[in-house]
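Here is the structure we will look at.
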Amino acid sequence: MSGWCGARPEASKKQIMSKAITSRAEDYSQWYNDLVLKGGLADYSAVRGCMVIKPYGYALWENMRDVLDRMFKETGHVNAYFPLFVPKSLFEAEEKNAEGFAKECAVVTHYRLKTDPQNKGKLIVDPEAKLEEELVVRPTSEAIIWNTYKGWIQSYRDLPILVNQWANVVRWEMRTRLFLRTAEFLWQEGHTAHATRDEAVAEARQMLEVYADFAENYMAVPVIKGVKSENERFAGADDTYCIEALMQDGKALQAGTSHFLGQNFAKAFDVKFSDRNNTLDYVWATSWGVTTRLIGALVMVHSDDDGLVLPPRIAPLQVVIVPIYKGPEQKAVIDTRVNELVKLLKLAGVRVKYDDNDNARPGWKFAEYELQGVPVRIAIGSRDLENNVAEVARRDTKEKKSISLDGLDKTIVSLLAEIQENLLRRATEFRDKNITPVDTWEEFVKVLDEKGGFIAAHWDGTGETEEQIKERTKATIRCIPLENKMEAGKCILTGKPSTQRVLFARAY
RNA sequence: CGGGAGGUAGUUCAGCCCGGUUAGAAUACCUGGUUUGGGACCAGGGGGUCGCUGGUUCGAAUCCAGUCCUCCCGACCA
């Protein structure tokens, strides 16, 4: 158990959290980077735009992955794995999809290196080893998967296919940002095939619900479910559903997407099936995914200037116990008492660590675990034992209380639940305070610049207007909320009639 | 690809404008001791091709040219 938390003994607190949360972009970036780097989640990689996920960060991802994986299986999906390399001819089959991703593809052109005759000890790409057909490193897997599905589907009896894969993908973005936009990232991508349009739409909507459920009930990140405007739609989709979250600096973040792909990929890869009446039709498709970006969202929604704040349900470590003692005799007494507590907590399914490392002093440990966002800290000293209590500190409010050792395991379990709830409540209040309805262009610009957050405004429904608003203000339509209230209004830019408000924001 | 900032000890940085002892600080690391309820203290110690290449100079971390890399902002995007 020791070591996996990625403690960094070299970092002093001042060195770490020099910047406070602020809406000023550069400071907020610094704050975010500090949290991710010093909180022990990730490092910058030697490879441009890629990240190294440290053990602590990976444990967090694993927890998120486990929960999601269970949810996918509960909704009837199975896992599979498809190749990393996509032959260019397959990749280009679905035109819109190919076009959309073309600008950011890493491409394998050769299969061999050789020693450089001009430069001893160095290697060059062997020009003799050029591939006949280039291989695209998958930016997403629709192409290779639909090429495979073609061989799997003949009859309605073969449908639906409900497959998910956990994988890495590569998108050569111009500008990268740890977790939020890295050249390589980890994700899951679900790819389903259906006999009817309705069934596929229902699948896409269902998975959106799964994502929203996960975001809110596990990550404690409130999200708005919606559908993307045509401009923001996934390349190759007929409809893109999304969940949108709000960060503490007032910028929005797309936290997950679920696409109704219509018959676009089936047509591109010629995937037809015979229905009950023996008529041939193209298969209906969906795809849906969430990525390691969720970790970035988690950081930016909950954390504070003392470090990460992780919701208990996915925190790699939920409880840390720090002994306070003078000499081995006191330590031995504390050990006995703590070991009982640890056993009970583990029985209750709590991820707990007893940090009795004698090399670090209590104060150092307190600060370190706060930096890592561990939801609950228990300190037990001889003084406490005399009174049959322990000092329990919660990360979300920084509140400290002496609590009886009798039944402490049960107290902790309910405290964890309370912290989980509190984080969601806090984030939801913040989010709701930052959804501002506006009716005029002047107001729109003002709110965007001074307050940020989501702006609920009328829009005439055209791509041109959306484009213009984006050019002038950098704000995009994050989504048209599902179950939106219909109301007549006028587009904030053009004054043309509109039937509902949509959510604008500046976004990551 | 455009704009900005930067690359000096494991880390964060000072020194550079105005060239000149053995290149500094904090922190981290090692040894010994005292400590342990919020990032301990004392004493001692180790650690650097100052991003790289070239130039100017008696002398370059410092000036000049080139080059590579990183971060931030913008365009692109999950």
Side-chain angles (χ1 to χ4, degrees), chain A residues 7-19 24-34 37-38 44-49 100-105 139-140 169-189 211 228 232 234-235 240 242-245 252-259 287-297 306-307 322-328 330-331 334 356-371 377-384 389-391 393 398 400 402 470-471 474 476 506-508:
Chain A
R8 293 163 349 288
E10 79 274 10
S12 81
K13 188 155 188 169
K14 274 197 197 103
Q15 214 167 298
I16 288 159
M17 288 298 153
S18 49
K19 305 275 189 198
R24 283 177 53 216
E26 58 273 32
D27 287 357
Y28 191 77
S29 295
Q30 184 64 47
W31 174 81
Y32 172 78
N33 271 359
D34 280 352
L37 297 170
K38 318 288 176 157
Y44 284 106
S45 150
V47 184
R48 177 221 166 262
F101 283 103
K103 284 171 292 185
E104 51 193 20
C105 286
T140 181
V169 288
V170 169
R171 294 182 188 175
W172 216 258
E173 304 287 354
M174 289 166 183
R175 202 164 92 69
T176 60
R177 191 133 198 257
L178 266 183
F179 285 124
L180 299 180
R181 193 183 305 107
T182 41
E184 178 191 3
F185 56 91
L186 306 185
W187 76 348
Q188 70 48 228
E189 47 182 329
Y211 288 155
K228 287 287 185 192
E232 299 281 323
F234 176 77
T240 288
C242 63
I243 50 173
E244 292 284 329
L253 183 80
Q254 179 174 311
T257 48
S258 180
H259 314 291
S287 70
W288 28 274
V290 294
T291 76
T292 36
R293 170 180 266 195
L294 288 180
I295 296 176
D306 292 318
V322 176
I324 297 160
Y325 56 91
K326 291 178 188 153
Q330 287 191 4
K331 170 82 166 33
I334 294 170
D356 65 344
N357 178 357
D358 194 38
N359 293 324
R361 301 169 74 260
W364 191 91
K365 290 177 187 172
F366 293 173
E368 187 63 17
Y369 289 111
E370 273 164 21
L371 194 54
R377 179 186 71 235
I378 304 175
I380 300 186
S382 304
R383 210 164 70 200
D384 296 311
V389 295
E391 183 195 78
K398 316 268 326 252
K400 288 193 281 198
S402 275
K470 186 179 176 185
E471 260 170 47
K474 308 260 186 300
T476 49
R506 294 202 175 113
Y508 278 98

Assign a letter to each nucleotide of nucleotides 32-37 of chain B from its 5' end: B, base within under 4.0 Å of a protein heavy atom; S, sugar-phosphate only; -, no contact. ---BSB

Tell me the partner of A28(B), counting only Watson-Crick (N1-N3 plus N6-O4 or O6-N4) or G-U wobble (N1-O2 and O6-N3) with both under 3.5 Å; none if nothing fits. none

How close or far is atom P of A75(B) from atom CE of Met174(A), stated in whole angstroms? 11 Å

Testing C71(B), G38(B), U11(B) for proximity to the side chain of Tyr44(A), the answer is C71(B)

Sort out the partner of A5(B) for me: Watson-Crick or G-U wobble, both distances under 3.5 Å, none otherwise. U70(B)

Given atom CZ of Arg506(A) and atom C1' of C73(B), what is their separation to the nearest angstrom? 13 Å

Using the P atom in both, what is the distance from G10(B) to C76(B), to the nearest Å? 41 Å

Would Glu244(A) and Lys228(A) pass as an ion pair if we require N to O under 4.0 Å? yes

Pairing partner of G46(B) (Watson-Crick or G-U wobble, both distances under 3.5 Å): none

Mind checking the C1' distance from G19(B) to C42(B)? Whole angstroms is fine. 40 Å

Can a side chain N or O of Arg175(A) be found less than 4.0 Å away from OP1 or OP2 on G74(B)? yes

Can you tell me how the ring of Phe234(A) sits relative to the ring of His259(A), calling it parallel under 30°, perpendicular over 60° and tilted otherwise? parallel

Say you pick atom C1' in C52(B) and the same atom in A60(B); how far apart are they, in whole Å? 16 Å

Considering only the P atoms, how many Å lie between U12(B) and C1(B), rounded to the nearest integer? 27 Å

U11(B) C1' sits how many Å from Glu368(A) CD, rounded? 14 Å

Spacing between Arg171(A) atom CZ and C76(B) atom P, to the nearest angstrom: 16 Å

To the nearest 0.5 Å, what is the distance between CD (Glu189(A)) and OG1 (Thr140(A))? 5.0 Å

By nearest nucleotide on RNA chain B, pick out whichever of Leu253(A) and Lys474(A) is the more 5' one. Lys474(A)

If G39(B) has a Watson-Crick or G-U wobble mate with both distances under 3.5 Å, name it; if not, just say none. none

Could you report the tightest heavy-atom contact between Leu253(A) and Tyr508(A), atom names first, then the distance? CD1-CB, 3.5 Å

Measuring from the side chain of Asn33(A) (C-beta onward, heavy atoms only), which nucleotide among C73(B), G38(B), C71(B) has the closest atom? C71(B)

Within the structure, does a side-chain N or O atom of Lys470(A) lie under 4.0 Å from either OP1 or OP2 of C76(B)? yes

For the C1' atoms, the ones on U34(B) and on U21(B), what distance do you get once it is rounded to whole angstrom? 38 Å

Any Ser29(A) side-chain nitrogen or oxygen under 4.0 Å from OP1 or OP2 of C73(B): yes

Separation of the P atoms in G4(B) and U22(B), to the nearest angstrom: 39 Å

Sort out the partner of U62(B) for me: Watson-Crick or G-U wobble, both distances under 3.5 Å, none otherwise. none

Identify whether the distance between the nearest side-chain nitrogen and carboxylate oxygen of Lys331(A) and Asp358(A) falls below 4.0 Å. no

Could you check which of C73(B), C76(B), G39(B) has an atom nearest any side-chain atom of Leu371(A)? G39(B)

In whole Å, what is the span from the CZ atom of Phe185(A) to the P atom of C76(B)? 17 Å

So what does Thr240(A) hit on the nucleic acid, given a heavy-atom distance under 4.0 Å: a base, only sugar-phosphate, or nothing? nothing

Once you apply a heavy-atom cut-off of 4.0 Å, does Thr291(A) come out as touching a base, just sugar-phosphate, or nothing? base

Find the distance Glu173(A):CD to C72(B):C1' and express it as a whole number of Å. 17 Å

Residue pair Ile334(A) / Ile324(A): nearest heavy atoms and the distance that separates them: CD1-O, 3.2 Å

Given the P atoms of U8(B) and U70(B), what is the spacing between them in whole Å? 14 Å

Is a side-chain donor or acceptor of Tyr325(A) paired with a backbone partner of Ile380(A) at a separation under 3.5 angstrom? no

Hunt down the Watson-Crick or G-U wobble partner of A75(B), both distances under 3.5 Å, from any strand shown, or write none. none

Separation of G6(B) atom P from Gln30(A) atom CD, nearest Å, is 14 Å

Identify the heavy atoms of Leu178(A) and Leu37(A) that sit nearest to each other, and give their distance. CD1-CD2, 3.7 Å

When we call it a touch if two heavy atoms are under 4.0 Å apart, what does Gln254(A) touch: a base, just sugar-phosphate, or nothing? sugar-phosphate

Roughly, in whole Å, what's the span from CZ in Arg377(A) to C1' in G39(B)? 12 Å

Restricting to ring-ring contact (aromatic ring centres under 6.0 Å, His included), what partner residues turn up for Phe366(A), sequence neighbours left out? none

Please step through side-chain hydrogen bond (donor to acceptor under 3.5 Å, both in side chains) for the pair Tyr44(A) and Asn33(A), ending with a clear verdict. CA-CA 10 Å; Tyr44(A) 284 106; Asn33(A) 271 359; 3.0 Å; yes

What's the gap between G39(B) and U27(B) when it is taken at their P atoms, as a whole Å value? 14 Å

